[in-house]
Amino acid sequence: MTSLHPLIDSGLTVGSADHPGGTLYCKCASDPVEVTLSSNVAHNHACGCSKCWKPAGALFSVVGVVPRDSVSVTANESKLRVVDPKATIQRHACSECGTHLYGRIEVDHAFKGLDFVHPELSPEAGWQEPQFAAFVSSIIEQGFDPAQIGGVRDKLHAVGLETYDCLSPTLMDVIATYTAKKSGAL
Ligand SMILES: N[C@@H](CCC(=O)N[C@@H](CS)C(=O)NCC(=O)O)C(=O)O
Ligand SMILES: [Zn+2]
Ligand SMILES: [Zn+2]
């Protein structure tokens with residue numbers, strides 16, 4: 001079958017709970033953009049949406065969050081551009097190789113203060129392994145054969161990832177709680 005993602009295809013490698021973070025690099029052979037993270041990722045997951053960066057040939061992105069204060073651009077920041085300034089998540093990508101280095105929310109949102117990053121861009125091992133698969137049906141929007149989606153869900157389940165077509169129940173609860181507090185319902 002087509003690659004879901006290199007970190008998923010042959011089973012997950014469990015990370016270490018006390019992983020201290022590390023450095024992400026874009027794919028440029030020279031002068032790569034470098035982003036240093038001072039913590040592990042949380043809520044790491046596979047995302048099938050059309051907006052999250054995927055490595056070449058993969059159907060899914062693998063993306064997690066870190067506190068925004070843990071993120072610093074440590075080299076070649078001038079190469080970064082925001083992919084879609086209108087999106088909730090401002091994805092900062094390398095203008096030469098297209099790799100997304102970090103996504104940041106600047107508007108009022110339940111996840112404001114957390115940056116979205118792809119731990120595979122770091123050579124260090126030990127990052128939290130993916131916890132679930134989100135926006136699975138979204139791969140169909142990008143041209144994946146709907147008749148084959150059952151096989152994709154089977155493969156995700158086989159490596160231990162629950163599949164959703166939005167975010168996980170935990171993260172949807174966080175969003176709903178934030179919305180209810182804002183409206184006064186809670
Ligand atoms: N089906 C849509 C889903 C897009 C979507 O809602 N993505 C989620 C998961 S990353 C999101 O939170 N997007 C906010 C954003 O992209 O700014 C697509 O594939 O484009
Ligand atoms: Zn680059
Ligand atoms: Zn996504």
Side-chain angles (χ1 to χ4, degrees), residues 1-27 35 37 39-66 83-84 87-89 91-94 97-105 110-111 114-176:
M1 189 203 267
T2 337
S3 171
L4 301 189
H5 188 283
L7 291 175
I8 294 175
D9 293 335
S10 40
L12 308 181
T13 303
V14 176
S16 52
D18 56 357
H19 184 66
T23 305
L24 313 180
Y25 299 89
C26 77
K27 305 279 185 188
V35 169
L37 306 180
S39 73
N40 197 354
V41 290
H43 303 292
N44 196 24
H45 62 281
C47 186
C49 96
S50 66
K51 299 177 167 199
C52 286
W53 177 81
K54 302 164 184 178
L59 286 169
F60 287 83
S61 169
V62 167
V63 60
V65 298
V66 286
V83 177
D84 176 3
T88 304
I89 302 171
R91 295 177 174 83
H92 291 67
C94 174
C97 68
T99 312
H100 294 190
L101 275 301
Y102 67 98
R104 180 162 289 173
I105 298 179
F111 300 154
L114 297 173
D115 282 358
F116 292 75
V117 293
H118 306 285
E120 74 204 65
L121 299 176
S122 153
E124 291 103 359
W127 297 95
Q128 182 192 54
E129 73 281 10
Q131 309 288 297
F132 61 92
F135 293 92
V136 173
S137 51
S138 290
I139 67 172
I140 297 170
E141 290 176 37
Q142 296 150 71
F144 188 80
D145 179 2
Q148 306 298 323
I149 196 79
V152 170
R153 288 201 171 88
D154 288 347
K155 173 70 186 163
L156 290 164
H157 291 151
V159 299
L161 297 177
E162 190 49 272
T163 60
Y164 304 105
D165 298 287
C166 50
L167 291 171
S168 64
T170 305
L171 291 180
M172 294 310 290
D173 288 351
V174 169
I175 294 173

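Only a predicted model underlies this, so the values are computations on that prediction, with no experimental measurement involved. These numbers come from the heavy atoms of this one structure, side chains and all, not from hydrogens, waters or symmetry mates. All residue numbers in this chain count up from 1 along the given sequence.
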Exercise. Could you walk me through whether Arg153 and Ser137 pass side chain to side chain contact (heavy atoms under 4.5 Å, CB included), step by step?
Key: CA-CA 10 Å; Arg153 288 201 171 88; Ser137 51; 4.1 Å; yes
Would you say the side-chain atoms of [X] pair up with the backbone N or O of [Y], donor to acceptor, closer than 3.5 Å?
X: His118; Y: Glu120; answer: no
X: Asn44; Y: Gln128; answer: yes
X: Glu129; Y: Gly15; answer: yes

Could you tell me which non-hydrogen atom of [X] sits nearest to which non-hydrogen atom of [Y], and how far apart they are?
X: Val159; Y: Ile8; result: CG1-O, 3.6 Å
X: Leu7; Y: Leu12; result: O-CD2, 3.6 Å
X: His100; Y: Val83; result: NE2-CG2, 3.6 Å
X: Trp127; Y: Val41; result: CE3-N, 3.9 Å
X: Leu161; Y: Pro130; result: CD2-O, 3.3 Å
X: Val63; Y: Phe116; result: CG2-CB, 3.9 Å

Side chains of [X] and [Y], heavy atoms from C-beta outward: is any pair under 4.5 Å?
X: Leu4; Y: Val152; result: yes
X: Phe111; Y: Leu171; result: yes
X: Leu167; Y: Ile175; result: yes

[atom1] of [X] to [atom2] of [Y]: how many Å apart, nearest 0.5 Å?
X: Arg91; Y: Thr88; atom1: CZ; atom2: OG1; value: 8.5 Å
X: Leu121; Y: Leu101; atom1: CG; atom2: CG; value: 6.5 Å
X: Glu141; Y: Ile139; atom1: CD; atom2: CD1; value: 10.5 Å
X: Phe132; Y: Thr163; atom1: CZ; atom2: OG1; value: 11.5 Å

Pairs under 3.5 angstrom only: tabulate donor-acceptor contacts from the side chains of residues 48-60 to other protein residues two or more places apart or in another chain.
{"from": "Lys54", "atom 1": "NZ", "to": "Cys49", "atom 2": "O", "distance (Å)": "3.3"}
{"from": "Lys54", "atom 1": "NZ", "to": "Leu59", "atom 2": "O", "distance (Å)": "3.2"}
{"from": "Lys54", "atom 1": "NZ", "to": "Gln142", "atom 2": "OE1", "distance (Å)": "2.5"}

Quiz item: Can you list every pair that meets side-chain hydrogen bond (donor to acceptor under 3.5 Å, both in side chains) and has a residue in residues 8-26, with sequence neighbours left out?
Solution: Ser3-Asp9
Exercise. I would like to know whether His45 and Ser168 meet side chain to side chain contact (heavy atoms under 4.5 Å, CB included); could you show each step before the answer?
Key: CA-CA 9 Å; His45 62 281; Ser168 64; over 6 Å; no
